[in-house]
Engineer: 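Sharing a structure below in structure tokens format, with a few things to ask.
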There are 2 protein chains.
Amino acid sequence: MGTPLSRDPIAEARRNWEEHGWADVAAPMAAITAIMRTQQILLARIESTLKPFGLTFARYELLALLSFTRKGSLPMNKASALLQVHPTSITNAVDRLERAGLVDRSPHPTDGRTTLIELTTAGRTLAKRSTAALNAEVFSAPGFDPGDVDHLIRILGAFRRNAGDFEE
Amino acid sequence: MGTPLSRDPIAEARRNWEEHGWADVAAPMAAITAIMRTQQILLARIESTLKPFGLTFARYELLALLSFTRKGSLPMNKASALLQVHPTSITNAVDRLERAGLVDRSPHPTDGRTTLIELTTAGRTLAKRSTAALNAEVFSAPGFDPGDVDHLIRILGAFRRNAGDFEE
DNA sequence: TGAATATACTAGGACATCCAATGGTTGGGC
DNA sequence: GCCCAACCATTGGATGTCCTAGTATATTCA
């Protein structure tokens with residue numbers, strides 16, 4: 001999106017907060033803004049790696065999830081819950097994956113309300129290849145200090161549990 | 001989006017990675033996925049707080065940025081650089097803010113190519129009120145352990161500098 | 001000075017996400 | 001056995017982001 005800035009814009013924002021009398025919330029504001037920006041950078045890298053495969057991150061996530069199930073199939077509402085996105089996003093993703101021949105829709109054998117998503121052979125192959133690409137190009141050199149990775153997992157895990165993502 | 005899951009889906013994904021022989025990248029994968037999910041949760045909170053003001057996060061960011069400048073005005077390309085989003089996203093946001101009477105567009109006095117975004121009185125007022133709401137409802141109780149906030153700022157700051165966001 | 005290049009904004013298209021509303025399907029309570 | 005609340009997937013509309021041009025203005029340099 002352009003050349004590097006001479007100063008960290010988030011540190012700048014933090015200073016603005018402190019100067020306006022909001023010093024008590026300046027640090028959390030900076031942390032939250034940093035998460036927003038970090039997500040943006042990581043998403044761009046992932047999308048760039050997936051582009052040659054004709055996949056977006058949303059569609060990749062669904063494909064990968066299916067590839068990890070025993071039968072390569074999953075009810076749509078289950079996918080929605082596990083990926084933690086709205087049912088409409090699943091509908092959208094399945095529409096496109098189906099049109100690309102990577103998954104099929106089939107009726108649930110006993111519950112007439114639910115639809116099963118099934119991985120095709122082409123879908124399973126693409127899941128493998130795109131995962132290998134992500135591992136090689138993104139996850140193997142994420143840009144974090146190795147020691148920081150565990151910190152992040154712990155801090156964000158606590159946050160997500162706190163936010164009601166999961167229990168335990 | 002539903003009820004809490006019984007197990008952490010990201011820890012689950014990490015196990016899948018390890019079982020498939022990708023143990024060397026399983027931890028970074030988990031960290032990156034956790035950042036994605038955390039951003040999603042935080043964004044939802046922010047949007048929910050801004051909704052009563054008729055603002056989205058993208059429009060709020062622009063409004064807040066303008067409110068911190070001396071004159072309450074900024075060239076569009078400057079806004080694009082500081083917020084680190086595509087120029088077209090700025091065009092889109094200014095279109096809507098202008099329609100809402102919160103900003104005005106005016107020609108740059110010396111450079112005929114650039115357009116200045118100017119905060120209106122209504123825009124300045126709304127920036128103040130919506131910032132107060134965010135401080136009260138989101139930033140004052142972010143859901144992180146207080147000690148973790150500084151960790152996050154440091155880890156993500158290093159990552160962003162590494163990614164070329166800024167220098168120094 | 002005049003052509004080539006660089007910069008700034010906008011227009012249109014693709015994709016993802018959320019929300020609200022709709023139409024089937026199930027299953028528990030009476 | 002029947003009815004209605006709960007559940008499931010889809011559709012349509014609004015918003016945001018990025019990409020690919022396209023138009024206009026500035027700047028550079030031969």
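Below, chain A is the first sequence line, B the second, and so on; all start at residue 1. Quick caveat: nothing in here was measured; it's all calculated off a predicted structure.
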Engineer: Give the nucleotide from the list C:dT17, D:dT11, C:dT25 with an atom nearest to the side chain of A:D95.
Structural biologist: D:dT11
Engineer: Counting the atoms with a prime plus P, OP1 and OP2 as sugar-phosphate, which does B:N92 contact under 4.0 Å by heavy atoms, base, sugar-phosphate, or nothing?
Structural biologist: base
Engineer: If we ignore hydrogens and angles and just use 3.5 Å, is the side chain of B:H86 paired with the main-chain N or O of B:S89 as donor and acceptor?
Structural biologist: no
Engineer: What's the CD1-C1' distance between B:I90 and D:dC18, to the nearest Å?
Structural biologist: 13 Å
Engineer: Just how far, in rounded Å, is P of C:dT10 from CZ of B:R113?
Structural biologist: 14 Å
Engineer: Show me the donor-acceptor pairs within less than 3.5 Å that the side chains of residues 64-73 of chain A make with the rest of the protein, sequence neighbours left out.
Structural biologist:
from, atom 1, to, atom 2, distance (Å)
A:S67, OG, A:A64, O, 2.7
A:T69, OG1, A:L66, O, 2.7
A:T69, OG1, A:G72, N, 3.0
A:T69, OG1, A:S73, N, 3.3

Engineer: Rounding to an integer number of Å, can you tell me how far B:N77 CG sits from C:dC9 P?
Structural biologist: 5 Å
Engineer: From NZ of B:K51 over to P of D:dG16, roughly how many Å is that when rounded to an integer?
Structural biologist: 12 Å
Engineer: Could you say whether B:A58 or B:G112 is positioned toward the 5' end of DNA chain D, judged by the nucleotide with the nearest heavy atom to each?
Structural biologist: B:A58
Engineer: Base, sugar-phosphate alone, or nothing: which one does B:T91 contact when heavy atoms must sit under 4.0 Å apart?
Structural biologist: base
Engineer: Counting N and O atoms only, with roles assigned by atom type, does the side chain of B:R45 sit under 3.5 Å from a partner on the main chain of B:P142, one being a donor and the other an acceptor?
Structural biologist: yes
Engineer: Give the rounded distance in Å between these two atoms: CG of B:L50 and P of D:dT15.
Structural biologist: 15 Å
Engineer: For the pair made of OH in A:Y60 and C1' in C:dA16, what is the distance, rounded to whole Å?
Structural biologist: 18 Å
Engineer: Mind calculating the distance between CG (B:L43) and C1' (C:dC18) to the nearest angstrom?
Structural biologist: 11 Å
Engineer: Side-chain N or O of B:R105 versus OP1/OP2 of C:dT10: is the shortest distance under 4.0 Å?
Structural biologist: yes
Engineer: With sugar-phosphate meaning primed atoms plus P, OP1 and OP2, does B:T88 contact a base, only sugar-phosphate, or nothing at under 4.0 Å between heavy atoms?
Structural biologist: base
Engineer: Verify the contact: side-chain N or O of B:Q40 to OP1 or OP2 of C:dT17, cut-off strictly under 4.0 Å; return yes or no.
Structural biologist: no
Engineer: Give a yes or no answer on whether the side chain of B:S80 reaches the backbone of B:V85 with a donor-acceptor pair at less than 3.5 Å.
Structural biologist: yes
Engineer: Looking only at side-chain N and O atoms, does B:R59 come under 4.0 Å of OP1 or OP2 in D:dG16?
Structural biologist: yes
Engineer: If we ignore hydrogens and angles and just use 3.5 Å, is the side chain of A:H108 paired with the main-chain N or O of A:T110 as donor and acceptor?
Structural biologist: yes
Engineer: Please report, rounded to the nearest Å, how far the P atom of C:dC19 is from the NE2 atom of A:H86.
Structural biologist: 4 Å
Engineer: Please check the phosphate of C:dA16 (OP1 and OP2 only) for any side-chain N or O of A:R96 closer than 4.0 Å.
Structural biologist: yes
Engineer: Within the pair B:T114 and C:dA8, is there a side-chain N or O less than 4.0 Å away from OP1 or OP2?
Structural biologist: no
